[in-house]
Amino acid sequence: MPATPTTPSHEDEDLLFRILSQLDKAPDASQRATAAAVGTSLGRLNAQLRAAAEAGLVKVSERAGPDKRQRFAYALTTRGAAEKVRLTDQFLARKFAEYDALHAELTGTTSGLVPFKYRTKLMQNNLAPIPELYVSYDSAQKLKVEAAELKSHDLSPRQICDLELLMNGGFNPLKGFLNEADYNGVVENMRLADGTLWPMPITLDVSEDFAASLEIGEDIALRDQEGVILGTMTVTDRWEPNKSHEAKKVFGADDDAHPAVNYLHNTAGKIYLGGPVTGIQQPVHYDFRGRRDTPNELRAYFRKLGWRRIVAFQTRNPLHRAHQELTFRAAREAQANLLIHPVVGMTKPGDVDHFTRVRCYEAVLDKYPAATTSMSLLNLAMRMAGPREAVWHGLIRKNHGCTHFIVGRDHAGPGKNSAGEDFYGAYDAQDLFREHQEEIGIEMVDFKHMVYVQERAQYEPNDEIEDRDNVTILNISGTELRRRLAEGLEIPEWFSFPEVVNELRKTKPPRSKQGFTVFFTGFSGSGKSTIANALMVKLMEMGGRPVTLLDGDIVRKNLSSELGFSKEHRDLNIRRIGYVASEITKNGGIAICAPIAPYATTRRAVREDVEQFGAFLEVHVATSIEECERRDRKGLYKLAREGKIKEFTGISDPYDVPTDPELRVETENVDVDNCAHQVLLKLENMGLIAG
């Protein structure tokens, strides 16, 4: 009869914790030095090391040298690093329970502290260091060598943002990418499996092929897009999520108009992996390095300055005078110092790029009192999840040492849904944050909608102006600001700082001088290429900007000659066209694209690529399939009807008709010159060419 496994005692687990911690700190120390450091005998240390090696927690290797007492070298494996983190949590939980019991014995009441599982509130105070997932420098060097033998996953830009905040404690109490139980809890009720508040799924999405190549319990290397190893993960869970359910629960609707839902369905991998992460090194940022701080670096900075109350202001937009007045008022209301904490990871498609925004922030930072204001950059990949995102942002700012957080109207809202309505109510984010404020451990400061009162030459909260019928209230919306920038119109000093306007004008010259892309789509034979050629000639005749034609056949010959006509290859071909068009647009040129581009999701992805840098004009050449077949000079439709050409758009493969293009042109009984002129008129109407 097999022996019943025995549960390790607290004493054994505490000793294992001390050994793992010591090996992490001093992997090259002799056994005798290690035994002395952890307070045990050599014999007991040897027994524990053998057991740890058998469990895969420690890697043992022989070491050459004259000292026989140092025959072996010991290094933590990725599993050993994860076990050290688990034992740390377990030790702290037990000590917390002992303290609570002692407090009750001495005073007759419990301590009143929140139980350990709600770790978002267990910190001693907002300035104490928080756990990170990095191993020591020496262990990291050894893990790099060990990880070279592991299967690797190349992280997407969003996953790199997530991994950085996992490793540096920004996502505390998470110890890695969510396992399936934690994921289900977060999706359903904003809580991890142990009850801890956490509103956002932090998942490692991968392809089906990569997931199928892994075994549960296997370690994988996590690398950036240049192949640099950032950390490792032990795969404890692998599952295929119900993404539609995730979209409805987390983002409120399964609607592709929401950027995160679109990402979920059309960019993210089909399979999720979960498991603890071991940090080796942080991602390298070459931009604004002096402005980037980890949570513990910010906490140390606040300690050094003697700051105890800190209100965080999150922004993904340039700062204007209304924002300055808002942050002044928030700091006064909270009687706190101010941390301007803009997101520089991933924001909403179409937002001002972070390089321009940070230059704007730096240009106006001297408008704030240096003794009470600081700025730090947050490499966060936003999800634009409204109410849930507000709670998430609060937890992240708590981890960064803040005590107060400004939550605005429609905080982190993505705009309109497919029906043209706002995804979230204006105050939904504030309501949800207020509901969980005590557990988050950070106090909300309501965002005030600030407007300029001309007679008093000052900004005031819109809902606090009692004499509004007797004063002139001025405001410029984001849409109006973009229009004024695009048309080179004056932006009054009461609205923004001249330094900010100058930076914005550098990046956003008048639309008539910006690069842009005209993207034709339609059936084969619809007339796309013919109209595109005519448009190219007309634009070259006008002069002022270089014009490049990216015709479908030309691109197939020069950029995509190795691709076939499967959906995957068609998507890749269109994405290549979009990439080239975005580069042309970024550099002030005009790109004219004329592929079939049958799939709406791919056209949307190209639009998002281009609109980071300039305007995008989608032109649907709405020639009917019957007319295209009648014009068929190459005989392609005939071959498709006979089954000799597979996956032919309109015959054996679908075409997603554009639902809302900027322009739709009919080519039947209309000459080419007229069609091209319609495009020119639309470009003039959009301000992209001078009238």
Side-chain angles (χ1 to χ4, degrees), residues 16-30 33-34 37-38 49 52-53 55-63 70 72-89 129-155 159-172 174-177 204 217-236 273 275-286 289 292-297 299-300 379 399:
L16 177 59
F17 166 67
R18 294 199 301 274
I19 291 172
L20 295 178
S21 298
Q22 183 63 22
L23 291 179
D24 189 26
K25 286 190 294 185
D28 292 324
S30 67
T34 301
V38 301
L49 287 173
L57 307 178
V58 173
K59 183 178 180 181
V60 184
S61 57
E62 291 201 11
R63 175 164 44 191
Q70 290 184 264
F72 300 107
Y74 301 92
L76 290 194
T77 63
T78 53
R79 194 164 304 170
E83 178 67 3
K84 181 170 78 76
V85 172
R86 186 190 72 80
L87 290 170
T88 302
D89 284 350
I130 60 171
E132 296 183 351
L133 303 184
Y134 292 111
V135 295
S136 67
Y137 175 81
D138 288 339
S139 293
Q141 301 314 302
K142 293 182 177 179
L143 280 179
K144 282 183 186 179
V145 176
E146 180 183 326
E149 306 299 321
L150 301 177
K151 292 173 185 171
S152 291
H153 172 65
D154 291 338
L155 300 161
Q159 291 169 348
I160 292 173
C161 290
D162 288 350
L163 179 63
E164 180 172 357
L165 287 166
L166 281 169
M167 295 190 300
N168 69 22
F171 284 171
N172 183 59
L174 303 191
K175 304 304 180 189
F177 290 100
L204 186 68
E218 185 173 353
D219 296 329
I220 60 173
L222 303 175
R223 300 179 182 273
D224 68 14
Q225 295 180 312
E226 294 180 358
V228 177
I229 184 167
L230 303 177
T232 61
M233 186 182 90
T234 302
V235 179
T236 60
L273 303 179
V277 161
T278 300
I280 293 177
Q281 61 184 338
Q282 61 185 1
V284 176
H285 301 288
Y286 298 107
R289 297 183 72 167
R292 295 177 183 268
D293 303 287
T294 69
N296 280 327
E297 286 171 342
R299 285 167 170 250
N379 195 46
N399 286 332

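This chain uses plain numbering: 1 for the first residue, then up along the sequence. Quick note: numbers below take in every heavy atom, side chains included, and nothing from hydrogens, waters or symmetry partners. Predicted model, so just to flag it, every value in this text is computed and none were measured.
Between the side chain of Thr77 and the backbone N or O of Gly56 there is at least one donor-acceptor pair closer than 3.5 Å. No side-chain donor-acceptor contact under 3.5 Å links Gln225 to the backbone of Asp154. Side-chain atoms of Arg292 do not come within 3.5 Å of backbone N or O of Asn379 as any donor-acceptor pair. Of the possible donor and acceptor atoms, none in the side chain of Asn172 sits under 3.5 Å from a partner among the backbone N and O of Asn399. Remark: the backbone N or O of Thr294 is not paired with any side-chain donor or acceptor of Arg299 at under 3.5 angstrom.
For Glu83, the side-chain hydrogen bond (donor to acceptor under 3.5 Å, both in side chains) criterion is met by Arg86, not counting sequence neighbours. In this structure, Lys144 has no salt bridge (charged side-chain N to carboxylate O under 4.0 Å, His left out) partners at least two apart in sequence or on a different chain. Asp224 meets the side-chain hydrogen bond (donor to acceptor under 3.5 Å, both in side chains) test with no other residue; sequence neighbours excluded. With sequence neighbours excluded, the residues satisfying ring-ring contact (aromatic ring centres under 6.0 Å, His included) with Phe171 are Trp198, Trp392. Taking the side-chain hydrogen bond (donor to acceptor under 3.5 Å, both in side chains) definition, one finds that Ser136 meets it with Asp24, Ser139, sequence neighbours left out. Annotation: salt bridge (charged side-chain N to carboxylate O under 4.0 Å, His left out) contacts of Glu218 (sequence neighbours excluded): Lys151.
Between the side chains of Asn296 and Glu132, a donor-acceptor pair is found at a separation under 3.5 Å.
The heavy-atom pair separating Val60 from Ala53 by the smallest distance is CG2-CB, 4.0 Å.
The only option from Thr232, Thr234, Thr278 that meets the side chain to side chain donor-acceptor pair (under 3.5 Å) definition with Asp219 turns out to be Thr234.
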